[in-house]
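As the structure is a prediction and not an experimental result, all values here were calculated from the model. Only heavy atoms go into these numbers, but all of them, side chains included; no hydrogens, no water, no symmetry mates.
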Amino acid sequence: MRLAILGGGGFRVPLVYGALLGDRGEGRVRHVTLYDEDPGRLTAMTRVLADQAAPVPDAPAVTATGDLDEALRGADFVFSAIRVGGLDGRAADERIALGHGVLGQETVGAGGIAYGLRTVPVAREIARRIARTAPDAWTINFTNPAGLVTEAMAEELGDRVIGICDSPVGLGRRIARLLGVDPRDAWIDYAGLNHLGWVRGLRVRGRDELPRLLADTATLESFEEGRLFGADWLRSLGAVPNEYLHYYYFNRETVRAYQEAKQTRGAFLRDQQRAFYAEAGRPGQPPGAALAAWDRTRAEREATYMAENREAAGAGERDADDLESGGYERVALALMRAIARDERATLILNVRGRGLLAPLDAEAVVEVPCLVDAGGAHPIAVDPLPDHATGLVTSVKAVERAVLAAAAGGSRADAVKAFALHPLVDSVTVARRLVEDYAAEHPGLAYLR
């Protein structure tokens, strides 16, 4: 099989390639094409992947290109992992939002809306190119905001585009571990939108084990989400929220922590990765040097993840057990295997919900458990969300639809509507100012009239 990775110079590409190196059997990926508009990033990343492949005799071949159609031609699977505007754009998204006293996180709130407005037009064009050049390929979307971008690409690709995220996987794994359960033996009752979902149950042999965890304060507060949200709040909800719900439930505290931080997350990653790419791309590096630089950079990145939220919650440093990635590369590999080999799997994915998550319509992309086989990902019926969760989900979906409309029609009014409707932007006046400032900062928003 042939895999094309769009955004092939991106920092997390070695995670995907590492998963491919461990895959065996018929129907595995034999060739990977990296596509990126930045030649320097491509050079650095091909060196990291070469270091990874060195001890593996039959490693998938890797080629790199700056030509999108060349990358897509003959692909069986396409991973879309682009970042429109780069980390400079993310840093600006965060800075502008915080300047107006609202959250500037990459996918949540004002920052996520700005990122979506920049990304959706590009994602739609990529979807059109895939439909024309590789119509039989399956597209797996990593690009954030993952649910919004997947819904935009589905306009062209239908159910042949599937969005993935590692947050639900990591959350389910941590809960199972606390309960002494093998995650492979558990059914994770999870539902919502990308970065806006809840684990409502964890069933083993038909028995829901989550109430046992919610009743145990000490165990609850021994893991990441328990420390972020607090045992009392989790018991009030009767569920364990995705970590990104901290931005909603503790918004004032988080915004204050972000405003007081030395630099925003986007600025930190921008500076960190600038140093990494310079080091990894330097000529004359000995074998293994690029991979070693990537490993060091990744360890620092993981340890500082959501640091401001932990500060706002008084949760302290991340425990070693919580540093493990949710494994989005493993989700992607399991998804590919299920489709290519018809190896049935149950995975939490971002797909068109077909009305299963009321009151959202059939075209709305939701994040729910899916049965995956050679025919793609099929969402599984879930219980209705409680009222408080339904309110958040429908509000944020309305925001996503306003972003899609603004990107399609170039309407500044629709862009203002997207910001103003978001639960974390509490003023139409602020929404108008945000649109003005983002449009002035980002060339990619020049289309807003």
Would you say the side-chain atoms of [X] and [Y] include a donor-acceptor pair closer than 3.5 Å?
{"X": "Thr107", "Y": "Asn144", "value": "no"}
{"X": "Asp93", "Y": "His442", "value": "yes"}
{"X": "Thr217", "Y": "Arg235", "value": "yes"}
{"X": "Asp271", "Y": "Gln263", "value": "yes"}

Can you see which heavy atom on [X] is nearest to which on [Y], and at what distance?
{"X": "Ala239", "Y": "Leu210", "value": "CA-CD2, 4.3 Å"}
{"X": "Gly101", "Y": "Val255", "value": "O-CG1, 3.9 Å"}
{"X": "Leu42", "Y": "Gly8", "value": "CD2-C, 4.1 Å"}
{"X": "Gly192", "Y": "Val393", "value": "CA-CG2, 4.3 Å"}
{"X": "Ala53", "Y": "Ala59", "value": "CB-CB, 3.6 Å"}
{"X": "Leu20", "Y": "Pro60", "value": "CB-CG, 4.3 Å"}

Give the C-alpha distance, both sets of side-chain angles, the deciding distance and a yes or no for side chain to side chain contact (heavy atoms under 4.5 Å, CB included) between Leu15 and Trp294. CA-CA 11 Å; Leu15 295 173; Trp294 181 81; 3.7 Å; yes
Among Glu94, Arg95, Arg90, find the residue that satisfies the side chain to side chain donor-acceptor pair (under 3.5 Å) test when tested with Thr264. Glu94
Student check: side-chain heavy atoms of [X] and [Y] closer than 4.5 Å:
{"X": "Asn350", "Y": "Asn141", "answer": "no"}
{"X": "Leu234", "Y": "Pro241", "answer": "yes"}
{"X": "Leu404", "Y": "Glu155", "answer": "yes"}
{"X": "Val240", "Y": "Leu202", "answer": "no"}
{"X": "Leu445", "Y": "Tyr447", "answer": "yes"}
{"X": "Leu349", "Y": "Glu367", "answer": "no"}
{"X": "Pro379", "Y": "Val368", "answer": "yes"}
{"X": "Gln273", "Y": "Arg41", "answer": "yes"}

Would you say [atom1] of [X] has more than 12 non-hydrogen atoms from neighbouring residues, nucleotides or ligands within 6.0 angstrom?
{"X": "Arg432", "atom1": "CZ", "value": "no"}
{"X": "Glu37", "atom1": "CD", "value": "no"}
{"X": "Arg124", "atom1": "CZ", "value": "yes"}

As a quick check of understanding, evaluate side chain to side chain contact (heavy atoms under 4.5 Å, CB included) for Gln105 and Tyr115, giving each step before the final call. CA-CA 10 Å; Gln105 204 273 336; Tyr115 190 23; over 6 Å; no
As an exercise, state the distance from [atom1] of [X] to [atom2] of [Y], rounded to the nearest 0.5 Å.
{"X": "Leu103", "Y": "Leu424", "atom1": "CG", "atom2": "CG", "value": "6.0 Å"}
{"X": "Asn251", "Y": "Arg256", "atom1": "CG", "atom2": "CZ", "value": "10.0 Å"}
{"X": "Thr394", "Y": "Leu357", "atom1": "OG1", "atom2": "CG", "value": "10.0 Å"}
{"X": "Leu34", "Y": "Leu3", "atom1": "CG", "atom2": "CG", "value": "8.5 Å"}
{"X": "Leu117", "Y": "Arg412", "atom1": "CG", "atom2": "CZ", "value": "11.0 Å"}

Hey, does the Lys NZ or Arg CZ of Arg174 hover above the aromatic six-ring of Phe223, less than 6.0 Å from the centre and inside 45° of the axis? no
For [X], all residues meeting salt bridge (charged side-chain N to carboxylate O under 4.0 Å, His left out), sequence neighbours excluded:
{"X": "Asp295", "value": "none"}
{"X": "Arg352", "value": "Asp159, Glu363"}
{"X": "Asp189", "value": "Arg200, Arg203"}
{"X": "Arg83", "value": "Glu106"}

Please check: side-chain N/O of [X] versus main-chain N/O of [Y], any donor-acceptor pairing under 3.5 Å?
{"X": "Asp51", "Y": "Gly288", "result": "yes"}
{"X": "Arg2", "Y": "Val32", "result": "no"}
{"X": "Tyr277", "Y": "Gly9", "result": "yes"}
{"X": "Thr33", "Y": "Ala71", "result": "no"}
{"X": "Thr46", "Y": "Thr43", "result": "yes"}
{"X": "Arg118", "Y": "Val84", "result": "yes"}
{"X": "Thr143", "Y": "Ser80", "result": "yes"}
{"X": "Lys397", "Y": "Val365", "result": "yes"}
{"X": "Ser222", "Y": "Thr219", "result": "yes"}
{"X": "Ser395", "Y": "Leu392", "result": "no"}

For the pair Phe77 and Ile339, evaluate side chain to side chain contact (heavy atoms under 4.5 Å, CB included) and give the outcome as yes or no after the intermediate values. CA-CA 10 Å; Phe77 288 90; Ile339 292 174; 4.0 Å; yes
Do the two ring centres, one from Trp233 and one from Tyr249, sit under 6.0 Å apart? yes
[Y]/[X] salt bridge by N-O under 4.0 Å criterion:
{"X": "Glu329", "Y": "Arg12", "result": "no"}
{"X": "Arg274", "Y": "Asp88", "result": "yes"}
{"X": "Arg282", "Y": "Glu279", "result": "no"}

As a quick check of understanding, evaluate side chain to side chain donor-acceptor pair (under 3.5 Å) for Asn242 and Tyr190, giving each step before the final call. CA-CA 9 Å; Asn242 184 300; Tyr190 183 96; 3.1 Å; yes
Applying side chain to side chain contact (heavy atoms under 4.5 Å, CB included) to Thr297 and not counting sequence neighbours gives Phe11, Gln272, Phe276
Show, in sequence, the C-alpha distance, side-chain angles and deciding distance for Arg270 and Arg265, and conclude whether the side chain to side chain contact (heavy atoms under 4.5 Å, CB included) test is met. CA-CA 8 Å; Arg270 177 198 61 201; Arg265 178 68 173 174; over 6 Å; no
For Phe79, enumerate each residue passing the ring-ring contact (aromatic ring centres under 6.0 Å, His included) test, keeping only those at least two apart in sequence or located in another chain. Phe142
Relative to each other, are the rings of Tyr247 and Tyr244 parallel, tilted or perpendicular (30° and 60° limits)? tilted
